[in-house]
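Comments concern the structure below.
Reminder, nothing fancy here: chain letters follow the sequence lines and each chain counts from 1.
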There are 2 protein chains.
Amino acid sequence: MASNFLKGKKHIIIYGISLAILLVLLNWLKLRLVIIDHAFEVYNGAIALIFTGIGIWVALKLAKPKEKIVVIEKEVMVEKNVGFTMNETELNRLNLSKRELEVLQLMAQGLSNQEIADRLFLSLSTVKTHANNLFDKMGVERRTQAINQAKQLGIIP
Amino acid sequence: MASNFLKGKKHIIIYGISLAILLVLLNWLKLRLVIIDHAFEVYNGAIALIFTGIGIWVALKLAKPKEKIVVIEKEVMVEKNVGFTMNETELNRLNLSKRELEVLQLMAQGLSNQEIADRLFLSLSTVKTHANNLFDKMGVERRTQAINQAKQLGIIP
DNA sequence: TTTCCGTTCATACCAAAGGTTGATTTGATG
DNA sequence: CATCAAATCAACCTTTGGTATGAACGGAAA
């Protein structure tokens, strides 16, 4: 029994000490009230009250607090294009090849054909070819138009 | 005292009834154990245990549940360009003139210098001048860079 | 009034972009 | 294997864009 008590938590130890003190107190009460009429009942009532209090105290200390979950919905504004998702439909419609798309994306960032060629390890000629092919597919005549249309179609952020 | 008990809640009444039953039980126990050695201590221990249990029970029943507030964030999509508001701060910083801004906006729509000239009833030379001035002010070298930067700064939809 | 800035335009030159044709290689597809 | 699309590059040419310089005009500020 003693080992069990020692194994418990701090609360259990405190409870044990309190119990000991109370038992002493009760013993004293017993001696004091032994000559009084109905002393036995008064004594039992005191014990009942005190231990009820102890029980309440122990319960409040040890019991997991009941949780009442209050749900508050909070609306958060999110910009639609924060996570840019490519418009696959339009992209497929245009039928751009991998390289053409890459060139288009770099164009939109303001790079010149020569810079795009350097970036993709291509010759200027190749970039021009890709550019012209994608202009044809998009039905435009200038890179600025291609950029403008690509942004509106959601092909580019 | 009795009126106080009646004023309470259902739990209090149940507690009262339990108490009465227990008192009867205890009285019976007292009669049974009165002949046993240390009957008094056993009896008191029983009372202590029982009322501790009652206290715990009462505490658990009556304890106010702690409120746990859970905030659920609900995402609301907002179209990026539904209400385009020009970034006045950046616009002032760049110190673009009226004409330069007009040229920039038409550039962003994919128009050539000649088309811009026709649209604004200007000569090609004038458009070129405005273009170069705004390139200087924006610190760029190509129209595509100007467009890209202007969009990022929120000067253009 | 003078000065400054924006606007307008011209000329000239060079760089970049755009367009065309043709050729080669490579990987996938039937 | 034959074929086709994608990708690569070259050569050539035209158009457009960008830079530099200069000049004229008008309005606003010093």
Upstream residue (5' side of DNA chain C) when B:Ser125 and B:Thr144 are each assigned their closest nucleotide
B:Ser125
Rounded to the Å, how far apart are A:Leu122 CG and D:dA7 C1'?
9 Å
Count the heavy atoms belonging to other residues, nucleotides or ligands that lie under 6.0 Å from CZ of A:Arg93, then report whether that count exceeds 12.
yes
Tell me which residues in residues 88-121 of chain B put a heavy atom below 4.0 Å from DNA chain C, sorted by number, or none.
B:Ser97, B:Lys98, B:Arg99
Atom CG of B:Leu124 to atom P of D:dT16: distance rounded to whole Å?
9 Å
For A:Asn92 and A:Glu88, indicate whether the former's side chain and the latter's backbone hold a donor-acceptor pair under 3.5 Å.
yes
Tell me whether B:Glu100 contacts the main-chain N or O of B:Leu96 through its side chain, where contact means a donor paired with an acceptor under 3.5 Å.
no
Does a donor on one side chain and an acceptor on the other come within less than 3.5 Å for B:Asp118 and B:Gln114?
yes
For A:Thr129 and A:Thr126, which I'm curious about, is there any donor-acceptor pair between the side chains at under 3.5 Å?
no
Under 4.0 Å protein heavy-atom contacts per nucleotide of nucleotides 22-30 of chain D, with B for base, S for backbone only and - for none:
---------
Any donor-acceptor N/O pair, A:Asn87 side chain to A:Leu153 backbone, under 3.5 Å:
yes
Using atom CE of B:Met138 as one end and atom P of D:dG18 as the other, report the distance to the nearest whole Å.
12 Å
d(CG, A:Asn132; C1', D:dC12) in whole Å:
14 Å
Taking side chain as C-beta onward, heavy atoms only, is A:Ile155 less than 4.5 Å from A:Gln149?
no
Nucleotide D:dT16, atom C1' - distance to NZ of B:Lys128 in whole Å
7 Å
As an exercise, state the distance from NE2 of A:His130 to CD1 of A:Ile116, rounded to the nearest 0.5 Å.
10.5 Å
So how far is it from A:Glu115 CD to A:Asn113 CG, rounded to the nearest 0.5 Å?
9.5 Å
Point-to-point distance, once rounded to the nearest 0.5 Å, from CG of A:Leu104 to CD1 of A:Ile156
3.5 Å
What integer distance in Å separates A:His130:NE2 from D:dA6:C1'?
8 Å
What are the bounds, 5' to 3', of the part of DNA chain C that sits under 4.0 Å from heavy atoms of chain A?
C:dA17 to C:dT20
